[in-house]
Q: 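My questions will all concern the structure given below.
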There are 2 protein chains.
Amino acid sequence: MATRLSDVAARAGVSVKTVSNVINDYPHITARTRAKVEAAIAALDYKPNVSARSLRKGRSDFIALAIPEMGSPYFAELGAAISRAAKRRGITVLIDQTEGESAAERFVLDGMRGQLIDGIIFSPLATAPAKLTSADTGKPLVLLGERPAGGQFDRVAVDSVQASYDATTHLISLGRHRIAAIGVGGTGTGVVRRKGYRKALKAAGMAHDPALELAGTGYHRLDGAASMRELLALPEPPDAVFCFNDLLALGALRTLADAGLRVPADVAVVGFDDIEDGRYHSPSLTTISPDKEWLADNAVALLLDRIAGNGGSTHRDLTVPYTLEIRESTGG
Amino acid sequence: MATRLSDVAARAGVSVKTVSNVINDYPHITARTRAKVEAAIAALDYKPNVSARSLRKGRSDFIALAIPEMGSPYFAELGAAISRAAKRRGITVLIDQTEGESAAERFVLDGMRGQLIDGIIFSPLATAPAKLTSADTGKPLVLLGERPAGGQFDRVAVDSVQASYDATTHLISLGRHRIAAIGVGGTGTGVVRRKGYRKALKAAGMAHDPALELAGTGYHRLDGAASMRELLALPEPPDAVFCFNDLLALGALRTLADAGLRVPADVAVVGFDDIEDGRYHSPSLTTISPDKEWLADNAVALLLDRIAGNGGSTHRDLTVPYTLEIRESTGG
DNA sequence: CTGAAAGCGCTTACAG
DNA sequence: CTGAAAGCGCTTACAG
C-alpha cells in the first residue's frame, strides 16, 4: 500500500542506495541522477518511514519536552517557543504533561518511550534534579528552571535570585514599607525567589516579616487570590506584594478588586513570567520578563549539541536574560 | 548497549516469542512462565523499542493533534485535555502547531510524519475541511471546530450557531439595544457565530447594524482591544458586545477600562470558550463554556474507533455540550 | 559514483 | 503452550 524506497528506486531506475543518498543529501550524486530520483519521489508521493529510519539510525529527530502542565500560560508559551525553535532545526518536539510527582518521575526514569526520542528538555516540578543521574535517563537531558542540577546536566534558567531581588527592589523604590511575598515554600521556585526577596529587603535595611510570606498550595490564580485574602485579613496588611508568578499575581489582583482596593495606590503588585494575560489585564501587570525565545532557542541548541556527542563531561549552565517590565500595577 | 527482547528471553530461559506474548498480554501463558519473564524484564530494565514495534505492527499508538497555536489559552487547555484523554487509553499525543495556512495544510497533506502516527485530530484554521479528501491524509482524521466537514470526516464541535444565539439572547434579555459583535468574518468561526448572533437579533425583532459588526485581523486580546476602540469611536456606541472568543472579550474589557466605562453598567460583555483567564478577570467574564473534557474524550474515542477500523463510511458529527456562564461582565 | 546484502528490534504466521 | 525464521522499511559498510 505505502510506497517504499525500493518502489522509488525501481521507477527511477537506480539502486535503493542511490535514492537513500538523495534523500539524505549525500554528496557525489550527479545532477541528472538526483533529478531522476526526485521526479520519482514526487510521482509516487513517497514519504520515508520514520520508524524504519529511526530503528536503523538509532536517531529519530524527535525530542521530548516534559513540563508540569501545558494548560498553564507560561508553559504553554514556552512550549510553543520550544516547538518553533526545534522546527527551525528540523526536529519535532513531543510534549509531555507530567502533572504530579509520580508521573514526572516515571516519565524520565522510564527511558522516554523506548528509543523513540533522542533527548529531553525537562522542567521538573516534583523530581529533585540533584537526585537524577544520567543512568536514569540514558539519554541527553537539558534541565529547565530553578532547581540545582547537581552538576549532572546542562541547564538553562533565569537567575531567579537576582530577578526577585530586582522585583522587590522596585517595590522598595516606590516607597513601600510592608512588602509581602506570595508563593514561598516548596523546594524550587519558592525557595529561590524568596531568597532574592529577602536579600532585597535586607539590602534596604528592612526586616522580613514571616506573616507577610505566604505559601499557598500551588501557583495558580486560585492560590494567589486566597493568599491575598489572608494578607488583607492581617492586622496590618501589606502595601505591596511580590507574587512569584503572574498567575498568582492575577489572582491577587482579583482579590484586591473585590476588596475595593486600588492598585497600585493602596497595594502595588509585581509578578514573574510575563505571560500575555498580564499585559492586557487592568491594571496591566508589572513583571519579570524572561526572554522566552532565547530560553527556547538555547535549550534546543544545547540538547542537540549534546545529542551530537559534544559537550563532554562539563555541564553547561546558561542564564536567561530578563527585564523588569514596569506597568500599571506598580504605577508604570 | 540497550537491552533487547532476545536478552530478556535468554535470561528468562524462554523464546523471544514468549517474551513478546507476555509484553503484549496474550493469553495461554502459565503464571510461572509469566513470572519468570517479568522478573527478567525487571532485572534488565528492559524497554521495548517503539520504532521496531511500530515498524513491524504498522501501528504506533501515537496520534497527532494539530492546532493553530498552543500559546493560545483555549488550545492550550484543549491540548491538555486531549493529552490526558489519550493517556488514559494508552495513547501518546504529538502536538503540532500549524500557525498559518501553509504549515497547516502541508502538515496534513504530508501524510503526518511518515508512518509514525496512527491518526490525527485536526483543528483547521486556514485549510477548508470541505476540500480535504481522505486521499490527502491516508489516515483516520477527526475534525474539530466550526468548519463543515463536507461529510468526509468525523467531527466534534460545539453548535456555535445555537451557542451564539444564546449568548446574544442573554444580552437582549438584559434590555440592551445596541449589541455589537467582535470577530465576524473569515470562513469558519466568524461566519457561524455571526449567524447565531443575527438570528437572535432577528428573533427579538431587532435589525442588525453592519457598523456594529467588527472583523479585526485575529482572535487575540490585541484584536479585541482594537475593535472595541473602533466601536467606542462610533457616533452611537454599543451598550453590549458579544465577542466571538474570550481573548477578544478580554481585550475589549481592557479598552473599556481605559475609556473609564463601567462593565456591565455602560457596556455588557460576553465571550466564548471559558478560558481560565476570564474566570479570574475583574469583572469576571460571562461566556459560552463548552465542555472541554467531553470534547477531548469524545474526539480521542472517535479517532481510536476509526483507527480500529470501525465506523465504515458513515461520518459521525458529535455536538459538544455547553453552558452559558453568567458572570460579572453581564451583571451575573 | 552505484549495487547487493546485512541488520536495526520487534511481531507473527508457521510448525511442532 | 513454545521455537525458528521471515520480514516491516530503512541505512550503511563492503565491494565494485
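Letters A, B, ... are given to chains in the order of the sequence lines, protein chains preceding strands, and every chain is numbered from 1. Everything numeric here is computed off the predicted structure, so don't read it as measured data. Reckoned from all heavy atoms, side chains included, excluding hydrogens, waters and symmetry mates.
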Q: Tell me every residue that passes side-chain contact (heavy atoms from CB on, under 4.5 Å) with B:Thr30, counting only those two or more places apart in sequence or in another chain.
A: B:Arg32, B:Thr33
Q: Roughly how many Å is it from CG in A:Leu5 to P in C:dA4, rounded to a whole number?
A: 14 Å
Q: Among residues at least two apart in sequence or on other chains, which ones pass side-chain hydrogen bond (donor to acceptor under 3.5 Å, both in side chains) with A:Lys292?
A: A:Glu77
Q: Find every protein N or O atom lying less than 3.5 Å from an N or O atom of nucleotides 12-16 of chain D, and list the pairs.
A:
{"residue": "D:dT12", "atom": "OP2", "partner": "A:Tyr26", "partner atom": "OH", "Å": "3.1"}

Q: Can you tell me if B:Ser51 touches the phosphate of C:dC8, counting only side-chain N or O atoms and a distance under 4.0 Å to OP1 or OP2?
A: no
Q: How close or far is atom P of D:dT2 from atom CD1 of B:Ile23, stated in whole angstroms?
A: 14 Å
Q: Listed by chain and number, what are the side-chain contact (heavy atoms from CB on, under 4.5 Å) partners of A:Ala52, not counting sequence neighbours?
A: A:Asn49, B:Leu55
Q: Contact class for A:Ser6 vs. all strands (heavy atom < 4.0 Å): base, sugar-phosphate, or nothing?
A: nothing
Q: Given that both pair distances must be under 3.5 Å and the pair must be Watson-Crick or G-U, what runs of three or more consecutive pairs involve DNA chain C?
A: C:1-3 with D:14-16, C:5-12 with D:5-12, C:14-16 with D:1-3
Q: C:dT12 and C:dG16: how far apart are their C1' atoms, nearest whole angstrom?
A: 16 Å
Q: If the condition is side-chain contact (heavy atoms from CB on, under 4.5 Å), which residues does B:Thr319 pass it with, not counting sequence neighbours?
A: B:Asp159
Q: Considering just the side-chain nitrogens and oxygens of B:Ser54, establish if one lies under 4.0 Å of OP1 or OP2 belonging to D:dC8.
A: no
Q: Under 4.0 Å between a side-chain N/O of A:Ser15 and OP1 or OP2 of C:dG3, yes or no?
A: yes
Q: Run the side-chain contact (heavy atoms from CB on, under 4.5 Å) test against A:Ala85 and tell me which residues pass, sequence neighbours left out.
A: A:Arg88, A:Arg89, A:Ala296, A:Asp297, A:Val300
Q: Hey, could you give me each pair passing salt bridge (Lys or Arg N to Asp or Glu O under 4.0 Å) that has a residue in residues 303-312 of chain A? Not counting sequence neighbours.
A: A:Asp154-A:Arg306, A:Asp305-A:Arg316
Q: Could you check which of D:dG9, D:dT2, D:dT11 has an atom nearest any side-chain atom of B:Leu55?
A: D:dG9
Q: If the condition is side-chain hydrogen bond (donor to acceptor under 3.5 Å, both in side chains), which residues does A:Asn298 pass it with, not counting sequence neighbours?
A: none
Q: Between P on D:dG7 and CZ on A:Arg4, what's the gap in Å once rounded to a whole number?
A: 12 Å
Q: Heavy-atom nearest nucleotide on DNA chain D for B:Ala52 versus B:Thr33: which residue maps closer to 5'?
A: B:Thr33
Q: So, does B:Arg155 use its side chain to make a donor-acceptor pair with the main chain of B:Gly145 at under 3.5 Å?
A: yes
Q: Ignoring hydrogens and angles, tell me if any N or O in the side chain of A:Lys139 forms a donor-acceptor pair with the backbone of A:Ile117 under 3.5 Å.
A: yes
